[in-house]
Amino acid sequence: MSHIAVYPGSFDPVTLGHLDVAARAARLFDELHIVVVHNPGKTPRFSSEERVQLIQASLAELGVYSNARIKVDILDGGLLVNYCRMVGATALVKGFRNNVDLDYELPMALVNRDLAEVETVFIPANPEHGQISSSLVKQVADLEGSVSKYVTQSVARALASSSTNRKKIS
Ligand code: PNS
């Protein structure tokens, strides 16, 4: 039996922290689906398709995407556990940086287990990436700071053009 896991998130945009968790999770499972999910509590900077493209480009940049066991997908709506059932996944992967992340993730992990017996595997963020978040990265990019320590070159380029477009509009 092959072990399939789903790594869900907003990934708006994907950071080196997310990519590190994905690469480590891919070593634990036969197949890993990185899934861009719409979070109704957040207004995304990038469309779901753009986020998928940035994840794929970033995995390729880091030499991880040659690994055919990693797939990147979109969940347009509905329960995450239904997506898990559809692809035969028995586990969810979540990265965590600190106890704030764990407090946020724990209720979701328990609900997902109640709904469909899908277990959540928590992977601690590499301390090197412990301070990275997508929202901080967007803020630094908008204020013309360097994000090269936090994201791949593909994401840095996308952030630079999205920051320029935002300035033109405002
Ligand atoms: O990166 P984020 O925004 O913290 O990710 C949150 C996400 C998308 C993983 C979470 O909102 C989610 O699981 N949404 C799917 C909807 C769902 O299944 N909800 C009920 C169980 S938690």
Side-chain angles (χ1 to χ4, degrees), residues 3-26 28-29 31-59 62 64 70-142 147 150-152 154-156 158-159 162:
H3 291 103
I4 302 172
V6 167
Y7 177 26
S10 299
F11 303 118
D12 185 46
V14 70
T15 66
L16 293 181
H18 295 131
L19 293 161
D20 178 58
V21 168
R24 286 157 64 202
L28 300 176
F29 296 95
E31 200 174 296
L32 181 74
H33 292 242
I34 303 176
V35 182
V36 171
V37 182
H38 174 66
N39 181 341
K42 296 179 180 172
T43 306
R45 169 77 57 100
F46 297 101
S47 71
S48 300
E49 290 74 17
E50 286 171 326
R51 285 180 266 164
V52 165
Q53 212 185 1
L54 290 173
I55 294 169
Q56 287 170 333
S58 297
L59 290 170
L62 300 179
V64 184
I70 302 183
K71 298 174 193 313
V72 189
D73 204 355
I74 295 172
L75 175 64
D76 255 340
L79 286 172
L80 190 54
V81 291
N82 289 344
Y83 179 90
C84 291
R85 279 200 194 104
M86 188 180 78
V87 299
T90 50
L92 287 166
V93 166
K94 294 287 184 86
F96 74 99
R97 293 161 296 190
N98 48 42
N99 59 342
V100 176
D101 282 351
L102 273 181
D103 284 350
Y104 169 68
E105 294 291 350
L106 189 58
M108 291 198 272
L110 296 176
V111 167
N112 285 322
R113 195 181 59 180
D114 278 348
L115 288 171
E117 291 178 15
V118 174
E119 293 289 358
T120 300
V121 174
F122 288 106
I123 297 192
N126 187 327
E128 208 182 305
H129 301 132
Q131 78 287 18
I132 309 178
S133 70
S134 298
S135 45
L136 260 184
V137 161
K138 282 180 279 197
Q139 202 180 101
V140 171
D142 286 349
V147 290
Y150 310 128
V151 296
T152 59
S154 318
V155 173
L159 279 167
S162 84

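Just so you know, residue 1 is the first one in the sequence shown, and it goes up from there. Since this is a predicted model, take the numbers as computed values, not measurements. Ligands are counted one by one from 1 in listed order, and the atoms in each one are counted from 1 as well.
When heavy-atom distances to ligand 1 are checked against a 4.0 Å cut-off, V81 has no atom that comes that close, whether in backbone or side chain. Looking at K42 against ligand 1, only its side chain comes within 4.0 Å, counting heavy atoms. Under 4.0 angstrom from ligand 1, the non-hydrogen atoms of N39 all belong to its side chain.
Within the 6.0 Å centre-distance limit, the rings of F11 and H18 are counted as a close aromatic pair.
Between the side chains of H33 and E31, at least one donor N or O sits under 3.5 Å from an acceptor N or O.
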List the steps, then state whether side chain to side chain contact (heavy atoms under 4.5 Å, CB included) holds for S10 with V36.
-> CA-CA 6 Å; S10 299; V36 171; over 6 Å; no
For V121 and L92, what are the C-alpha separation, side-chain angles and deciding distance, and is it a side chain to side chain contact (heavy atoms under 4.5 Å, CB included)?
-> CA-CA 6 Å; V121 174; L92 287 166; over 6 Å; no
Applying side chain to side chain contact (heavy atoms under 4.5 Å, CB included), run through V35 and Y83 and close with a yes or a no.
-> CA-CA 9 Å; V35 182; Y83 179 90; 3.5 Å; yes
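In this structure, atom 16 (C) of ligand 1 lies nearest to the protein heavy atom G78 O, 4.1 Å. At the top of the distance list for atom 9 (C) of ligand 1, counting protein heavy atoms only, stands K94 NZ, 3.9 Å. Protein heavy atom nearest atom 10 (C) of ligand 1, with residue, atom name and distance: M108 SD, 3.9 Å.
Residue-ligand proximity, V37 to ligand 1, at heavy-atom distances under 4.0 Å covers atoms 8 (C), 14 (N), 15 (C). Residue G9 has at least one heavy-atom neighbour below 4.0 Å for each of these atoms of ligand 1: 1 (O), 5 (O). Those atoms of ligand 1 that come under 4.0 Å of a heavy atom in S10, given as number and element, are 1 (O), 2 (P), 3 (O), 5 (O). The distance from ligand 1 to the heavy atoms of L79 drops below 4.0 Å at these ligand atoms: 17 (C), 18 (O), 20 (C).
Residues L115 and N82 are not in side-chain contact: their nearest non-hydrogen atoms beyond the backbone lie 4.5 Å or more apart.
At least one heavy atom of Y104 sits less than 4.0 Å from an atom of ligand 1.
Contact annotation for atom 20 (C) of ligand 1: protein present (non-hydrogen atoms, distance under 4.0 Å).
Scanning both residues, G78 and L75, for their nearest heavy atoms gives O-CD2, 3.8 Å.
Distances between N or O atoms of L80 and those of ligand 1 include at least one value under 3.5 Å.
A distance-only check finds no donor-acceptor pair linking the side chain of N112 to the backbone of V118 [under 3.5 Å].
K138 has a carboxylate O that lies under 4.0 Å from a charged side-chain N of D12, or vice versa, which qualifies the two as a salt bridge.
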